[in-house]
Student: 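Sending over a structure as structure tokens; questions will come in a sec.
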Amino acid sequence: MDEVVVEVEKTKREWDDAYEKTIEHIMAIQEYGKPRRGGEGGEEKRSLQRLNGLAQDGLSLLNSLQFNLDLLAPQLPSDDQVQSTLSLLETWKNQYHSLRVNLRSANLQAKDNMRKAAQEERELLLGGGTESTVLRRKRQANAGVTSNAESITESLRRTRQLMVQEVERSTNTLVTFDESTGVLKQAESEYKGHRSLLSRTRNLLSTMQRQDVIDRIILIVGFSLFVLAVAYVVSKRIGILKLQRMATAAIKSQLAGKAANGVGDVVMPPQQRMHDEL
């Protein structure tokens with residue numbers, strides 16, 4: 001069966017129970033105050049307040065059930081069920097209005113009953129006799145019982161208020177706890193993200209440090225090779241210069257020797273050599 005249909009049937013059963021109980025409370029209010037054997041006026045007064053509270057609670061429950069049915073009706077699977085439920089909702093609204101009218105009438109009737117009962121008791125008290133004396137004693141006893149009942153009721157009311165305040169405080173604490181839990185979860189997720197980022201950053205820094213060491217080694221080795229190459233080239237260059245100087249000096253010495261030999265043996269021109277032979 002569909003969940004909405006099940007919920008509608010549950011709402012109908014709750015309405016029937018609440019409606020019957022509310023009618024019983026209204027009828028009890030209507031009968032309230034009529035003369036009873038033993039004259040329990042103080043207890044009746046508290047009972048009237050209690051009955052009115054129960055009747056108001058029943059009306060509040062019926063109102064909430066109407067609202068619930070109004071929300072569930074459009075969600076029913078078929079149009080026939082929707083129309084039938086809406087028709088039932090109108091019937092409930094009429095019954096609810098009738099109950100409120102009956103409650104007002106019942107309270108008026110209860111006040112009238114109380115007035116008549118008070119008048120009868122007044123006549124009995126003023127009449128004197130044994131019945132009047134017994135009635136006074138019962139009224140005094142009932143007054144003590146009523147005072148005790150009122151003190152107990154006041155204590156219960158204060159206890160209820162404290163419990164309501166404690167429930168509200170607990171609710172606020174739970175809401176705050178839920179909010180704190182959400183904040184902690186968000187902080188945890190952010191921490192995990194930062195932790196992964198820090199881990200990647202740490203790995204990147206380690207890689208950069210290793211690369212820096214490798215670059216330093218490469219630079220040192222390269223600079224050393226460059227210095228060695230320069231030293232080699234310089235040394236080679238110095239050796240070549242020495243050889244050039246030595247070769248130049250040797251050539252100069254040879255030229256100087258030839259020049260000295262040429263001064264002792266003068267070479268004569270060929271024409272003059274031929275002229276001398278003739």
Side-chain angles (χ1 to χ4, degrees), residues 8-73 85-127 131-132 134-136 138-161 163-164:
V8 169
E9 294 298 327
K10 180 182 177 182
T11 304
K12 290 179 181 179
R13 290 192 299 269
E14 291 178 356
W15 170 274
D16 293 336
D17 294 339
Y19 185 75
E20 291 179 0
K21 291 179 181 180
T22 305
I23 290 178
E24 291 177 359
H25 298 323
I26 292 175
M27 292 178 65
I29 292 172
Q30 188 174 1
E31 296 296 324
Y32 174 81
K34 290 184 177 181
R36 293 183 181 181
R37 186 175 300 175
E40 299 175 351
E43 293 182 358
E44 287 180 351
K45 184 177 180 180
R46 301 305 300 175
S47 298
L48 179 62
Q49 294 178 356
R50 186 164 57 252
L51 288 172
N52 274 284
L54 293 173
Q56 291 294 336
D57 292 341
L59 291 174
S60 299
L61 178 58
L62 293 175
N63 190 22
S64 64
L65 292 173
Q66 288 182 49
F67 181 76
N68 190 23
L69 187 66
D70 191 15
L71 292 177
L72 293 173
T85 305
L86 291 176
S87 178
L88 178 62
L89 180 61
E90 291 297 326
T91 304
W92 283 8
K93 290 180 179 180
N94 294 330
Q95 291 176 350
Y96 177 79
H97 179 70
S98 178
L99 286 176
R100 293 190 68 87
V101 173
N102 292 335
L103 179 60
R104 287 194 293 269
S105 300
N107 278 286
L108 293 175
Q109 183 64 40
K111 290 180 180 179
D112 187 61
N113 295 335
M114 290 169 60
R115 183 181 56 81
K116 292 179 179 179
Q119 185 176 0
E120 291 178 1
E121 288 182 2
R122 191 181 302 110
E123 291 176 355
L124 288 174
L125 290 173
L126 294 176
E131 186 176 358
S132 176
V134 173
L135 182 59
R136 287 194 191 95
K138 288 184 177 180
R139 286 179 64 87
Q140 291 175 358
N142 290 331
V145 173
T146 302
S147 178
N148 293 332
E150 288 179 353
S151 62
I152 293 172
T153 303
E154 185 64 24
S155 177
L156 291 174
R157 185 181 295 109
R158 289 194 298 269
T159 304
R160 179 179 178 275
Q161 290 177 352
M163 291 178 65
V164 170

Student: Mind checking the CZ-NE2 spacing from Arg50 to His25? Nearest 0.5 Å is all I need.
Tutor: 10.5 Å

Student: So does Leu48 get a backbone contact from the side chain of Asn52, meaning a donor-acceptor N/O pair under 3.5 Å?
Tutor: yes

Student: Can you see which heavy atom on Gln66 is nearest to which on Trp92, and at what distance?
Tutor: NE2-O, 3.9 Å

Student: For the pair Asp16 and Arg13, find out whether any cationic side-chain nitrogen is under 4.0 Å from an anionic carboxylate oxygen.
Tutor: no

Student: Does Gln109 reach the side chain of Tyr32, with side-chain heavy atoms less than 4.5 Å apart?
Tutor: no

Student: Give the C-alpha distance, both sets of side-chain angles, the deciding distance and a yes or no for salt bridge (Lys or Arg N to Asp or Glu O under 4.0 Å) between Asp112 and Lys116.
Tutor: CA-CA 6 Å; Asp112 187 61; Lys116 292 179 179 179; 3.4 Å; yes

Student: Do the non-hydrogen side-chain atoms of Leu108 and Ser105 ever get within less than 4.5 Å of each other?
Tutor: no

Student: Measure the CH2-OG1 distance between Trp15 and Thr91 for me, rounded to the nearest 0.5 Å.
Tutor: 9.5 Å

Student: Residues in side chain to side chain donor-acceptor pair (under 3.5 Å) with Tyr19, at least two apart?
Tutor: none

Student: Quick one: salt bridge (charged side-chain N to carboxylate O under 4.0 Å, His left out) partners of Arg100, sequence neighbours excluded?
Tutor: none

Student: Please find the pair of heavy atoms, one from Thr22 and one from Gly58, that lie closest to each other, and give the distance.
Tutor: OG1-CA, 3.5 Å

Student: Carefully, step by step, assess Thr85 and Leu72 under the rule side-chain contact (heavy atoms from CB on, under 4.5 Å).
Tutor: CA-CA 9 Å; Thr85 305; Leu72 293 173; over 6 Å; no

Student: Return the minimal non-hydrogen interatomic distance between Leu99 and Ile26, and the atom names on each side.
Tutor: O-CD1, 3.6 Å

Student: Say you draw a straight line from CG of Leu62 to NZ of Lys93; how long is it, rounded to the nearest 0.5 Å?
Tutor: 14.0 Å

Student: Identify the heavy atoms of Thr11 and Leu65 that sit nearest to each other, and give their distance.
Tutor: CG2-O, 3.7 Å

Student: Can you see which heavy atom on Asn113 is nearest to which on Gln30, and at what distance?
Tutor: ND2-O, 3.1 Å

Student: Are the side chains of Lys21 and Leu54 in touch, meaning some heavy atoms are under 4.5 Å apart?
Tutor: no

Student: Would you sort out whether Asn94 and His97 count as a side-chain contact (heavy atoms from CB on, under 4.5 Å), showing the intermediate values?
Tutor: CA-CA 5 Å; Asn94 294 330; His97 179 70; 5.8 Å; no

Student: Considering the options Asn102, Ile29, Leu51, which one meets the side chain to side chain contact (heavy atoms under 4.5 Å, CB included) requirement together with Asn107?
Tutor: Ile29

